[in-house]
Amino acid sequence: MSKKGKEKEETQIKPETEEEKKECDAEEKKAEEKNPLEEELALTKDQLLRLTAEYANFRKRSEKEKQETFSYAKAQTVKELLPAIDNLERAIASENEDYNGLRKGVEMTYQSLVDILGKLGVEIFGETGEIFDPNLHNAVMHVEDENYKDGEIVDVFQKGYKINDKIIRPAMVKSAN
């Protein structure tokens, strides 16, 4: 027998009586019974820790993706607006004092901006003659005039803008009663 085997044998206390032997066997059974439960508890704890870490990583990844999507959308919007800004810079830099030319340039720039908003899915609303809708319009003035239908928009101070069903800005209007 090797030295390690002898040392192991010497460190173990052998029960001398039958009663002591039964007690040792009972303690070993308890230890064996407890051991599988401890293993299951440790396994469950490990799974819980892994799941918690996985969820934390998912949250961080989702937040990062959301920020990247927002940044990309903002960059695309600015990219769409740049041609209109270029047109305005050209109009400002024009040395010509031709009012009609300047007006035409501003109108073209305005139309360019409206087209860009259309590409982005923005709908413009709030025209004279429409029927007042409190979900879309903000009536800042009312006029009593029999020439107009009840609730008809008489004047538009600011047009409204929406994307799909989400109102970006309601139209500021004068309506008839």
Side-chain angles (χ1 to χ4, degrees), residues 1-89 109-127 130-140 151 153 156-173 175:
M1 197 181 270
S2 70
K3 280 188 174 181
K4 286 184 180 179
K6 287 182 181 178
E7 287 175 8
K8 193 175 182 182
E9 193 175 290
E10 289 174 4
T11 58
Q12 290 180 347
I13 301 173
K14 295 183 180 179
E16 294 181 12
T17 65
E18 190 67 35
E19 192 173 305
E20 288 178 348
K21 190 175 182 180
K22 285 181 183 178
E23 283 180 21
C24 283
D25 288 342
E27 286 177 18
E28 286 177 13
K29 277 188 178 181
K30 283 182 185 177
E32 287 175 9
E33 288 174 8
K34 193 174 184 182
N35 208 7
L37 291 176
E38 286 177 356
E39 288 176 16
E40 186 177 341
L41 177 62
L43 180 65
T44 304
K45 184 178 179 181
D46 182 59
Q47 288 174 340
L48 183 60
L49 288 174
R50 288 177 189 273
L51 186 63
T52 303
E54 192 175 313
Y55 180 68
N57 289 339
F58 170 76
R59 275 194 352 247
K60 289 176 188 174
R61 191 171 50 250
S62 295
E63 183 63 31
K64 183 179 176 186
E65 287 174 2
K66 185 171 82 172
Q67 289 300 326
E68 287 174 357
T69 301
F70 180 72
S71 294
Y72 177 76
K74 202 175 356 177
Q76 288 300 107
T77 302
V78 169
K79 183 179 176 183
E80 291 290 331
L81 290 172
L82 291 177
I85 291 171
D86 293 340
N87 288 338
L88 282 173
E89 286 176 343
T109 303
Y110 171 76
Q111 190 56 49
S112 175
L113 287 170
V114 168
D115 293 344
I116 289 167
L117 290 176
K119 284 181 189 175
L120 295 172
V122 176
E123 184 181 333
I124 302 172
F125 62 91
E127 297 290 330
E130 289 180 4
I131 300 299
F132 178 78
D133 180 355
N135 297 319
L136 301 175
H137 306 101
N138 181 16
V140 293
I153 294 174
V156 178
F157 302 114
Q158 279 184 339
K159 292 188 178 184
Y161 298 88
K162 67 180 180 175
I163 296 178
N164 299 326
D165 291 333
K166 182 173 176 54
I167 304 297
I168 298 170
R169 180 179 82 183
M172 192 181 303
V173 297
S175 66

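Residues take their numbers from the sequence shown, with the count starting at 1.
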Nearest heavy-atom neighbours spanning [X] and [Y]:
X	Y	answer
A84	L113	CB-CD2, 3.4 Å
V122	I163	CG2-CG1, 3.7 Å
I116	E80	CD1-O, 2.6 Å
N164	K162	O-CD, 3.7 Å
F125	R169	CZ-O, 3.8 Å
A171	G126	CB-CA, 3.9 Å

Can you establish whether the number of heavy atoms outside N57 located under 6.0 Å from its atom CG is more than 12?
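Enclosed.
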Exceeds 12 heavy-atom contacts within 6.0 angstrom, atom CD of E54:
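Counting neighbours around CD of E54, 12 or fewer heavy atoms of other residues, nucleotides or ligands fall under 6.0 Å, so no.
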Give, for atom [atom1] of [X] and atom [atom2] of [Y], the distance between the pair rounded to the nearest 0.5 Å.
X	Y	atom1	atom2	answer
L51	Q47	CG	CD	9.0 Å
N87	L82	CG	CG	11.0 Å
D115	Y110	CG	OH	10.0 Å

Apply side-chain contact (heavy atoms from CB on, under 4.5 Å) to the pair I85 and E89, showing each step before the final yes or no.
CA-CA 6 Å; I85 291 171; E89 286 176 343; 4.1 Å; yes
What residues form a salt bridge (Lys or Arg N to Asp or Glu O under 4.0 Å) with R61, not counting sequence neighbours?
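R61 satisfies salt bridge (Lys or Arg N to Asp or Glu O under 4.0 Å) with no residue once adjacent residues are dropped.
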List the residues meeting salt bridge (Lys or Arg N to Asp or Glu O under 4.0 Å) with E63, not counting sequence neighbours, and say none if there are none.
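Salt bridge (Lys or Arg N to Asp or Glu O under 4.0 Å) check on E63 returns K66.
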Looking at R50 and D46, is any side-chain nitrogen of the basic one under 4.0 Å from a carboxylate oxygen of the acidic one?
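A salt bridge links D46 with R50.
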As a test of understanding, state which of V173, D133, I131 forms a side-chain contact (heavy atoms from CB on, under 4.5 Å) with I153.
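Exactly one option meets the side-chain contact (heavy atoms from CB on, under 4.5 Å) with I153, and it is V173.
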Compile the donor-acceptor pairs under 3.5 Å between side chains in residues 71-78 and protein atoms, sequence neighbours left out, one pair per line.
residue, atom, partner, partner atom, Å
S71, OG, Q67, O, 3.1
T77, OG1, A73, O, 2.9

Please walk me through it: do K64 and E68 pass side-chain contact (heavy atoms from CB on, under 4.5 Å)?
CA-CA 6 Å; K64 183 179 176 186; E68 287 174 357; 3.3 Å; yes
